[in-house]
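Note that the structure is predicted; figures quoted are calculated from it, not measured.
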Amino acid sequence: MNVDLLSHPAEEVAPKLLGCVLTCKTPEGTVSIAITETEAYSGTADPASHAYRGQTPRNAVMFGPAGHLYVYRSHGLHWCANIVTGTEGIASAVLIRAGRVIEGEDLARERRGGRVESPRLARGPGNFCQALGIKAEHNGTDLLTGASVVLSEGEPVPAALIQVGPRVGVSKAHDWQHRFYLAGDPTVSAYRLSPRAKPSAGA
């Protein structure tokens with residue numbers, strides 16, 4: 001994966017990540033997942049971004065160089081993974097919402113539960129991380145250096161298959177068209193409007 005692909009604003013990078021592959025190597029084995037759904041978060045310009053109010057110890061990775069992994073805990077329950085994009089010093093990241101397991105499905109299913117159907121193994125950002133094996137210790141990982149978590153290019157995705165829509169479950173700037181996903185793909189998560197969402201001006 002070339003860092004140049006990631007050195008642009010999140011909303012430009014997010015659709016280009018569809019079809020790319022995240023691979024995580026752990027003592028238990030290796031799992032690879034092809035990305036099928038993403039959401040862009042534009043840092044201090046985006047009310048829904050963790051970096052909207054500036055840099056903190058929690059979100060510092062978002063202000064770093066492109067190609068690093070920003071991992072955070074959602075609702076105290078699930079880990080979520082973001083790929084940092086753009087220019088160092090300006091927060092920008094793409095949330096990985098869903099994907100299709102292409103390697104290590106048995107291990108992914110063991111992590112998620114034995115009866116989980118294949119399309120649901122990595123559907124939703126928390127499930128994606130659980131299936132892949134992403135945890136707190138992966139925060140800040142350089143995805144381009146061949147470390148424990150690696151981002152690589154996958155099969156090219158035809159532009160006609162890429163759909164755009166509002167982000168899922170956020171209450172602020174929820175109507176920004178910053179969600180990108182593969183049309184008709186069974187691994188893509190269902191759209192859900194936050195009950196706290198209010199109309200907003202957006203990009």
Side-chain angles (χ1 to χ4, degrees), residues 1-24 32-52 55 59-72 79-100 102 122 124-125 128-129 132 134 138-147 149-170 172-183 185 187-189 202-203:
M1 173 66 68
N2 192 323
V3 69
D4 291 342
L5 174 70
L6 306 174
S7 300
H8 300 278
E11 61 271 23
E12 295 180 18
V13 176
K16 296 178 181 178
L17 287 174
L18 297 175
C20 292
V21 176
L22 273 173
T23 298
C24 183
S32 295
I33 302 178
I35 299 169
T36 60
E37 182 183 7
T38 61
E39 284 181 347
Y41 288 87
S42 304
T44 55
D46 185 347
S49 171
H50 287 179
Y52 181 58
Q55 185 171 337
N59 65 27
V61 175
M62 292 183 70
F63 291 81
H68 287 243
L69 197 65
Y70 168 50
V71 179
Y72 69 89
W79 296 110
C80 296
N82 301 253
I83 296 173
V84 177
T85 67
T87 304
E88 186 170 2
I90 300 175
S92 177
V94 175
L95 172 67
I96 308 303
R97 282 205 57 84
R100 181 178 66 260
I102 59 175
F128 187 100
C129 283
L132 193 59
I134 295 295
H138 295 111
N139 186 46
T141 297
D142 188 341
L143 300 172
L144 307 180
T145 60
V149 188
V150 178
L151 177 67
S152 58
E153 295 186 40
E155 295 295 327
V157 172
L161 290 182
I162 299 177
Q163 298 289 302
V164 183
R167 296 180 290 198
V168 177
V170 296
K172 298 178 180 179
H174 68 91
D175 46 5
W176 288 24
Q177 302 295 295
H178 281 188
R179 175 182 175 230
F180 304 87
Y181 57 97
L182 298 184
D185 194 296
T187 65
V188 172
S189 57

Undergrad: What I'd like to find out is whether the side chain of S92 reaches to under 4.5 Å of the side chain of E12, using heavy atoms alone.
TA: no

Undergrad: If the test is side chain to side chain contact (heavy atoms under 4.5 Å, CB included), which one of T23, V21, L17, L5 qualifies with L151?
TA: L17

Undergrad: For the residue pair V170 and H178, establish whether any side-chain heavy-atom pair is separated by less than 4.5 Å.
TA: no

Undergrad: Find out whether R179 and E39 are in side-chain contact, i.e. whether some heavy atom of one side chain is under 4.5 Å from a heavy atom of the other.
TA: yes

Undergrad: Do Y70 and H50 make a side-chain contact, defined as non-hydrogen atoms from C-beta onward lying under 4.5 Å apart?
TA: yes

Undergrad: Quick one: closest heavy-atom pair of A93 and M62, and the distance?
TA: CB-CE, 3.9 Å

Undergrad: CD of E88 to OG of S7: how many Å apart, nearest 0.5 Å?
TA: 10.5 Å

Undergrad: Find the distance between CD (E11) and CZ (F180) and round it off to the nearest 0.5 Å.
TA: 7.5 Å

Undergrad: To the nearest 0.5 Å, what is the distance between CD1 on I134 and SG on C80?
TA: 11.5 Å

Undergrad: Between D46 and W176, is any pair of side-chain heavy atoms under 4.5 Å apart?
TA: yes

Undergrad: Given M1 and E153, is the side chain to side chain contact (heavy atoms under 4.5 Å, CB included) satisfied, shown in steps?
TA: CA-CA 6 Å; M1 173 66 68; E153 295 186 40; 3.7 Å; yes

Undergrad: So which heavy atom on R167 is nearest to which on A48, and how close?
TA: NH2-CB, 3.6 Å

Undergrad: Looking just at side-chain N and O atoms, do T187 and R100 make a donor-acceptor pair shorter than 3.5 Å?
TA: no

Undergrad: With rounding to the nearest 0.5 Å, note down the distance linking CG in L18 to CD1 in I162.
TA: 5.0 Å

Undergrad: Less than 4.5 Å apart, side chain to side chain, heavy atoms only: is that true for L144 and L6?
TA: yes

Undergrad: Does R97 use its side chain to pair, donor to acceptor, with the backbone of F128 at less than 3.5 Å?
TA: no

Undergrad: Mind listing the closest non-hydrogen atom pair of A34 and G19 along with its distance?
TA: CB-O, 4.5 Å

Undergrad: With rounding to the nearest 0.5 angstrom, report the OG1 to CD1 distance, T85 to I90.
TA: 10.5 Å

Undergrad: Taking all atoms of both residues into account, what is the closest heavy-atom pair of G165 and Y181, and its distance?
TA: N-CE2, 4.4 Å

Undergrad: Can you check side chain to side chain contact (heavy atoms under 4.5 Å, CB included) on H138 and C24, steps first, answer last?
TA: CA-CA 10 Å; H138 295 111; C24 183; 4.1 Å; yes

Undergrad: Please tell me if the side chains of Y72 and L95 come closer than 4.5 Å, counting only heavy atoms from C-beta onward.
TA: yes

Undergrad: Looking at A51 and A91, what are the two nearest heavy atoms and their distance?
TA: CB-CB, 3.4 Å

Undergrad: For G124 and A98, which heavy atoms make the closest approach, and how far apart are they?
TA: N-CB, 3.9 Å

Undergrad: With the side chain counted from C-beta on, respond yes when V61 and L69 share a heavy-atom pair under 4.5 Å apart, and no when they do not.
TA: no

Undergrad: Taking I35's backbone N and O only, do any of them form a donor-acceptor pair with E37's side chain (distance below 3.5 Å, no angle check)?
TA: no

